[in-house]
Protein chains: 2
Amino acid sequence: MKRITIYDVAKEADVSLATVSRVINDSNVVREDTRNRVQEAIEKLGYKPNAIAQGLALSKTTTISIVMSEKLLAYNTKILNGLMDVAKIYNYNIMFHTTSKGISKMQDVIESIIKSRVDGVILFNDNFTEDEMEVLHEYQIPMVVVGARFEGKKDENVGNVYVDFERLAYDLVRDLIEQGVDDITLMEDRLNLSMMKQLKKGIEKAFEDAGKNFEGYISYGDGYKSSYAFFKDYFKDHKPAKFNMAFRDSQAIAVMNAAAEAGFHSPEDLQIVSVLDSKYLNMVRPRISSYNIPEYDMGAISMRLLTKMLVSDRDQDENRNIEISYTPIPRDTTKEELFY
Amino acid sequence: MKRITIYDVAKEADVSLATVSRVINDSNVVREDTRNRVQEAIEKLGYKPNAIAQGLALSKTTTISIVMSEKLLAYNTKILNGLMDVAKIYNYNIMFHTTSKGISKMQDVIESIIKSRVDGVILFNDNFTEDEMEVLHEYQIPMVVVGARFEGKKDENVGNVYVDFERLAYDLVRDLIEQGVDDITLMEDRLNLSMMKQLKKGIEKAFEDAGKNFEGYISYGDGYKSSYAFFKDYFKDHKPAKFNMAFRDSQAIAVMNAAAEAGFHSPEDLQIVSVLDSKYLNMVRPRISSYNIPEYDMGAISMRLLTKMLVSDRDQDENRNIEISYTPIPRDTTKEELFY
DNA sequence: TTGTAAGCGTTATCAA
DNA sequence: TTGATAACGCTTACAA
């Protein structure tokens with residue numbers, strides 16, 4: 001079956017293809033009755049404009065690339081939904097790219113982004129290097145980095161929507177120290193080293209400001225299983241730290257379970273906070289405290305920012321760096337006076 | 001900055017654009033030294049072929065659409081990763097579409113799929129209607145439906161990669177009844193009504209075969225919160241069913257928590273199975289039994305099937321319906337003799 | 001208000 | 001082995 005083109009519609013409606021083009025683009029210079037005639041022809045033939053040809057003619061694809069690491073995908077579905085919804089509102093299509101160790105390196109992803117001539121890119125702040133960014137930069141593809149603070153080179157073509165994890169950690173730990181708690185542990189999250197670095201920096205600064213030295217950074221394998229195994233072993237001859245900071249739910253649950261099975265209970269023996277919230281923190285017993293970070297909104301805001309960047313005159317200097325606020329969610333694993 | 005085109009490269013290398021096209025497409029009819037000359041020009045100018053123009057010229061976009069409901073996204077990241085990896089291997093780009101109640105209806109998504117002239121579509125078996133499918137059908141876009149069995153119209157353009165949830169439920173319940181357990185509950189999952197229906201059908205069949213009638217279908221609101229609230233209330237004046245089947249982790253955890261807080265403990269007072277596995281089932285106490293369904297593989301297989309369909313001569317009758325097997329994962333919430 | 005024709009950046013056919 | 005040139009399906013001056 002031959003694909004219907006604009007020519008077929010033109011012939012059917014007995015007009016030129018220019019006129020057809022005008023009606024599908026809602027140009028208002030076309031007379032009512034010819035518009036109707038064209039519409040009928042479109043309906044009758046089931047014509048759908050070829051977006052590829054439009055893209056070529058307009059040098060504009062109305063599609064945006066989103067790139068995220070495979071590992072992180074499971075933790076960022078809310079942000080993704082925010083991105084998707086706003087993209088939909090502005091009628092952008094989404095090209096979705098994932099990066100992973102073996103199979104799809106950042107380099108290849110960027111290559112295919114450039115080739116597909118997308119109008120813009122959303123990047124999850126993750127383990128991409130500045131060199132890799134550089135390429136997108138050269139090709140002047142507008143992009144916004146979402147997640148943590150982006151430290152790389154910036155100009156009017158790059159935006160950043162982020163949570164200030166460094167400050168979050170700093171504020172919390174400063175308060176803890178003020179209250180006399182300095183037995184603090186930060187559990188490494190290898191999925192998210194860039195955010196880890198910022199948390200660590202914040203904690204170290206708080207310790208430094210109190211004239212102390214932070215030595216509670218614990219590093220072990222990936223995922224729940226290895227964290228759990230680590231702590232099962234660890235608690236054989238160690239007591240838990242008074243205050244335990246994890247980045248994600250599974251780590252927090254891992255310490256909690258291992259501790260409980262070693263006879264240490266939260267919050268009396270150890271307090272626990274997961275920085276990222278998840279519904280599962282509310283399902284385990286005791287319920288684990290965390291921070292509320294409006295993830296869906298982060299996605300929505302990021303996409304909105306990008307669409308703004310795509311239409312705005314370059315000199316217009318709106319703010320391309322948007323900080324997202326967070327609020328503590330105290331549950332059972334923290335004491336009231338320390339986490340609120 | 002003007003975008004570099006094939007003409008620029010041709011001029012730089014002092015050849016015709018046809019020759020440049022040949023070298024970027026690895027045509028082997030081009031002489032070694034001119035190939036090198038062209039390659040150098042490409043490097044020098046940083047030329048990247050315009051995939052849009054290629055798509056137009058070839059009537060082939062080498063991109064595939066994936067469509068999934070927003071609600072389900074969080075539960076299907078593994079399948080998605082499987083899809084992405086295989087797409088990457090075959091060099092397909094991915095257009096990602098989500099559907100949701102208000103903002104992006106299936107209809108619009110299909111519209112944009114047709115317009116963007118993707119080569120094929122992966123659909124998560126969900127709440128799309130046959131009418132909606134019909135459109136893709138008319139436009140002869142190859143597609144594979146992944147998840148549950150697809151009941152709609154099929155021809156050589158549609159494949160299906162699925163788990164036979166009806167049989168899963170049937171087998172389990174038949175065994176249970178044989179062992180004398182017929183006090184069984186199935187908790188509705190509104191996120192996934194098509195799978196629910198199949199589970200229910202399987203259970204009913206098993207009851208029917210035993211000359212009994214299944215009346216244990218429980219329907220309540222969405223998500224953990226409402227399930228938990230429902231059971232908190234329910235257990236005030238009801239005892240839990242002997243055997244409780246949930247579709248996802250949060251529902252299973254909801255019954256378990258509510259029951260525990262009402263003084264009923266698993267597995268003695270109530271056995272619990274979540275059909276879909278998740279790591280969280282292993283993190284709660286007691287650990288909840290489930291089924292192992294190779295989700296990543298389902299994605300990988302689906303994408304592989306689609307790519308096959310895209311290249312194969314239509315008459316070639318390979319199997320386009322692939323059943324995925326599952327195995328029980330007994331944990332703490334089931335008794336050994338009943339779930340293995 | 002409508003039509004003609006050039007252009008978007010490729011690939012592919014045909015000649016040279 | 002290379003080069004002209006006609007598609008591919010659309011948008012958009014410019015002319016009528």
Side-chain angles (χ1 to χ4, degrees), chain A residues 1-39 41-42 45-63 91 93 112 114-119 139, chain B residues 1-39 41-42 45-63 91 93 112 114-119 139:
Chain A
M1 184 185 78
K2 181 179 166 295
R3 276 283 164 89
I4 308 294
T5 74
I6 200 169
Y7 289 99
D8 302 314
V9 178
K11 193 184 296 173
E12 177 73 27
D14 199 31
V15 294
S16 78
L17 74 170
T19 304
V20 178
S21 176
R22 288 189 188 102
V23 348
I24 64 184
N25 290 301
D26 273 333
S27 166
N28 47 4
V29 294
V30 38
R31 209 169 50 205
E32 188 64 21
D33 62 324
T34 83
R35 172 190 303 281
N36 289 143
R37 208 145 32 93
V38 171
Q39 282 292 10
I42 288 175
L45 301 177
Y47 168 70
K48 308 278 181 192
N50 181 329
I52 300 301
Q54 290 179 318
L56 188 60
L58 293 172
S59 302
K60 182 173 184 324
T61 52
T62 51
T63 111
N91 264 307
N93 285 318
S112 89
I114 294 171
K115 285 185 184 166
S116 50
R117 302 293 193 269
V118 296
D119 299 334
Y139 284 84
Chain B
M1 184 185 78
K2 179 180 168 298
R3 274 284 164 87
I4 307 295
T5 74
I6 200 169
Y7 289 100
D8 302 315
V9 177
K11 193 185 293 173
E12 177 74 27
D14 199 30
V15 292
S16 78
L17 75 169
T19 303
V20 178
S21 176
R22 288 187 188 104
V23 347
I24 64 184
N25 291 300
D26 272 334
S27 165
N28 48 6
V29 295
V30 39
R31 210 169 50 206
E32 188 63 23
D33 62 323
T34 83
R35 172 188 304 281
N36 289 141
R37 209 142 34 91
V38 172
Q39 283 292 11
I42 288 175
L45 302 178
Y47 168 71
K48 308 276 181 192
N50 181 330
I52 299 301
Q54 291 179 318
L56 187 61
L58 293 172
S59 301
K60 182 176 186 320
T61 51
T62 52
T63 109
N91 263 309
N93 285 317
S112 89
I114 294 171
K115 285 185 184 165
S116 51
R117 302 292 194 268
V118 297
D119 299 334
Y139 284 84

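Nothing here was measured: the structure is a model prediction, and the numbers come from that model. Chain letters run A, B, ... following the sequence lines, proteins first and then strands; every chain starts at 1. In what follows, every heavy atom counts, from backbone to side chain, and hydrogens, waters and symmetry copies are set aside.
Residues in residues 5-20 of chain B take part in these salt bridge (charged side-chain N to carboxylate O under 4.0 Å, His left out) pairs, two or more places apart or across chains: B/Lys2-B/Asp8, B/Glu12-B/Lys44.
Minimum heavy-atom separation, B/Thr5 to B/Tyr47: C-CE1, 3.6 Å.
If you take NZ of A/Lys115 and P of C/dT10, they are 11 Å apart, rounded to a whole angstrom. Taking atom NZ of residue B/Lys60 and atom C1' of nucleotide C/dT11, one finds them 14 Å apart after rounding to whole Å. The separation between B/Asn36 atom CG and D/dT1 atom C1' is 15 Å, rounded to whole Å.
Applying the 4.0 Å criterion to OP1 and OP2 of D/dT1, one finds that B/Thr34 has every side-chain N and O outside that range.
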Please list each protein N or O that sits under 3.5 Å from an N or O in nucleotides 9-11 of chain D, with the distance.
| from | atom 1 | to | atom 2 | distance (Å) |
| --- | --- | --- | --- | --- |
| D/dG9 | N2 | A/Ala53 | O | 3.4 |
| D/dC10 | OP1 | A/Tyr47 | OH | 2.6 |
| D/dC10 | OP1 | A/Asn50 | N | 2.9 |
| D/dC10 | OP2 | A/Ile6 | N | 2.4 |
| D/dT11 | OP1 | A/Asn25 | OD1 | 3.3 |
| D/dT11 | OP1 | A/Asn25 | ND2 | 2.8 |
| D/dT11 | OP1 | A/Gln54 | NE2 | 3.0 |
| D/dT11 | OP2 | A/Ser21 | OG | 2.5 |
| D/dT11 | OP2 | A/Asn25 | ND2 | 3.4 |

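A distance of 9.5 Å separates CD in B/Gln39 from CD1 in B/Ile24, rounded to the nearest 0.5 Å.
In this structure a side-chain-to-backbone donor-acceptor pair under 3.5 Å is present from A/Arg3 to B/Tyr139. With B/Asn50 contributing its side chain and B/Ile52 its backbone, the two residues share a donor-acceptor pair below 3.5 Å.
Under the side chain to side chain donor-acceptor pair (under 3.5 Å) criterion, B/Asp26 pairs with no residue, sequence neighbours left out.
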